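What follows is a short report on a single structure.
Note that the coordinates shown come from a computational prediction; the quantities given were computed from them, not determined experimentally. Order of listing sets the numbers, starting from 1, for every ligand and every atom in it.
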Amino acid sequence: MFKILNENPFESKVECLIVGLFEKPEKFTGMLEQLDGMFDGELTELVKSGDLSAKFKSVSVIHGLGKSNVKRFVFVGLGKEKEINFTTLKEAFGAASKKLTNIRIRNLAIALDSFICEKIAADDAALAFSEAYIMATYEFQGYKQKSNEPEIKIETVEIFTDANLDEIKLAAEIGSSYGKGTNSARTLVNLPGNMLKASDLAQYAKELGEKHSFELEILNKSEIEKLGMGAFLAVNQGSAEPPYMIVLKYQGKDEWKDVIGLVGKGITFDTGGYSIKPKDGIVGMKSDMGGAAAVLGAMEIIGNLRPEQNVVAVIPATDNMISGNAFKPDDVITSFSGKTIEVLNTDAEGRLVLADAVTYAKHHGANYLVDVATLTGGVIVALGLDKTGALTNDEALFEKVLEASYEAGEFIWRLPYTEKDKERVRGSKIADLNNSPGREGHAIMGGAFIGEFAEETPWVHLDIAGTATTKSEYDLGPAGGTGVMARTLALFVENFEME
Ligand code: BES
Ligand code: ZN
Ligand code: ZN
């Protein structure tokens, strides 16, 4: 995708060149100084007069007017040099990349030398750019009839640099992997429920597994029945579509030990079941497999970067439907672990399928668990639409997930989880647990329920109900699925070190 060149971009034939600008530099240095010279000091004047803004994320397209081989310069404002960081740099690159999708060009280039500031090395800038470019220019193809007009699209992207070619190349490959894995997760989330059934998710996982040589296990309904995964089966009971328990294993160590379990909620459509959702709440429930998408996106990144870690990914895939066979409120079901559950709300189905998936991840040797799920509307009430809620039984493991989330630029906020919360999910008169102890703090209740199945295994729960989709476009992508947590999970796995 990216071509790395050790050449001077101003002497190359380039249709469109992205150049970063910091606010109020004492004087231009490096490439910018050279550029200013080429334009007889005009660049300095433009910045001084404010005609060319270096404000964070402002994007100005200026025609080269024959003074250079570069046809257009795209100046992207990076704000104050001391305020820039890896995440904000990606946002600025994303903003610039987005703007360029509206200009009819085939060739895009970026001059990365101008980004060598004290805080960000050239290879980090290359990683940030490649990830941001791939994410920002993502489009979901959709189902509209195609127009016959020929499309002009960016075909080549060149990175001009005076830094070490191999290092920049590697960084661009890593950034591309992160961007592509996130985009795959977005596409899965954007696919409607009739286009992505449990069987399609299983097929997708199978192809991903074959591509990256993962060990693959896809349990069908009768195998799930034989194992006694009663919680998972209860959710599937009203569906015409069979469920699948998807398992992917990546072994990056000599021995199968210190295994990280990634568990993703794979509800391909959530009607709520007999505790049916209101008509406004049901729209958008195709995204209820956002956790599965994040895990599969992360596995794609892991498959490409091949860290020295052991990972087992487990995805319970089904829809939550209504029929004469469907499970009902008041039903009591027996989970794979043996714990019985009184169903008070069939719309609290995510925790049921995850209960069996978490237990199954442990059966596959998971020593650490991270589950990701569009689990509760409650997390949106608590934290809004831009923060993923977290719960944990292990401070040290949570710190590792949190660090990865900082690096990915994906916001996580931890919710409290106390003995009282555990008592509430254990509060059924006729079963070991109940799946819906009431609306008070119900994002915590959702997580606490899953915690009953993680038991002593260090575990972090991530509730992405608010963050898996977005209603409006943003610097790194369009409205729709965000692919949130794919990068955080992959970074968490890559950086993971045993205590
Ligand atoms: N899939 C929903 C959660 C959700 C809500 C995801 C909004 C994305 C956007 C989940 O299965 C659900 O319905 N949760 C209930 C739980 C309640 C019945 C305890 C909820 O949050 O209302
Ligand atoms: Zn639900
Ligand atoms: Zn759900």
Side-chain angles (χ1 to χ4, degrees), residues 188-190 193 196 198 201 231-232 234-239 243 263-294 315-322 326-331 341-357 371-389 391 415 421 424-425 427-428 433-450 461-471 479-482 484-485:
L188 290 171
V189 170
N190 289 334
L196 187 85
L201 207 51
F232 182 27
V235 174
N236 176 257
Q237 223 168 274
S239 177
V263 183
K265 172 175 173 183
I267 298 291
T268 56
F269 193 82
D270 183 12
T271 66
Y274 275 101
S275 314
I276 192 166
K277 287 185 180 293
K279 62 180 182 300
D280 293 334
I282 209 164
V283 177
M285 278 304 134
K286 65 175 182 180
S287 67
D288 213 17
M289 31 56 67
I315 293 165
T318 177
D319 46 9
N320 182 22
M321 302 295 284
I322 299 174
F327 79 138
K328 309 173 294 300
D330 284 351
D331 283 358
I341 303 160
E342 183 180 13
V343 176
L344 298 183
N345 193 320
T346 60
D347 198 11
E349 84 299 338
R351 65 200 72 183
L352 297 176
V353 300
L354 288 169
D356 285 351
D371 83 78
V372 195
T374 46
L375 204 74
T376 65
V379 82
I380 303 174
V381 177
L383 301 178
L385 290 166
D386 58 347
K387 289 160 211 84
T388 292
L391 222 72
L415 300 166
D421 298 315
R424 281 180 68 200
V425 293
S428 164
L433 303 168
N434 88 77
N435 82 329
S436 182
R439 295 209 65 77
E440 300 82 9
H442 83 267
I444 299 172
M445 289 302 106
F449 184 90
I450 300 167
H461 161 67
L462 298 171
D463 191 338
I464 57 169
T467 50
T469 59
T470 175
K471 284 202 164 57
T482 58
V484 75
M485 293 298 129

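Between T376 and D463, the side chains place a donor N or O and an acceptor N or O closer than 3.5 Å (distance only, hydrogens not considered). In this structure, a donor-acceptor pair under 3.5 Å is present between the side chains of T467 and T388. Side-chain contact of N434 with S428: a donor-acceptor pair under 3.5 Å is absent, judged by distance alone.
The closest protein non-hydrogen atom to atom 22 (O) of ligand 1 is H442 NE2, 3.7 Å. Among all protein heavy atoms, the one lying closest to atom 16 (C) of ligand 1 is R351 NH2, 3.8 Å. Looking only at protein heavy atoms, the nearest one to atom 21 (O) of ligand 1 is G377 N, 2.5 Å. Looking from atom 18 (C) of ligand 1 to the surrounding protein, the closest heavy atom is N345 ND2, 3.1 Å.
Not a single heavy atom of M445 sits closer than 4.0 Å to an atom of ligand 1.
To the nearest 10 degrees, the angle centred on the Zn ion (ligand 2) between O in D347 and OD2 in D270 reads 170°.
For S436, no nitrogen or oxygen atom sits less than 3.5 Å from a nitrogen or oxygen atom of ligand 1, counting backbone and side chain alike. Not one N or O of R439 is nearer than 3.5 Å to an N or O of ligand 1, by distance alone. The shortest N/O to N/O separation between D347 and ligand 1 falls below 3.5 Å.
Within the 2.8 Å limit, E349 places at least one N, O or S atom next to the Zn ion (ligand 2). Because the distance cut-off is set at 2.8 Å, I267 fails to qualify as a neighbour of the Zn ion (ligand 3), as none of its N, O or S atoms comes that close.
The minimum heavy-atom distance between N236 and P243, with the atom names listed, is OD1-CD, 3.2 Å.
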Begin from the C-alpha positions of D319 and S239 and carry the test side chain to side chain donor-acceptor pair (under 3.5 Å) through to its verdict. CA-CA 7 Å; D319 46 9; S239 177; 2.6 Å; yes

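Of the heavy atoms in K277, only side-chain atoms (C-beta onward) come closer than 4.0 Å to ligand 1.
Here the N, O or S atom of D288 that is nearest to the Zn ion (ligand 3) is OD2.
Under the 3.5 Å distance criterion, the side-chain polar atoms of S275 are matched with a main-chain donor or acceptor of T346.
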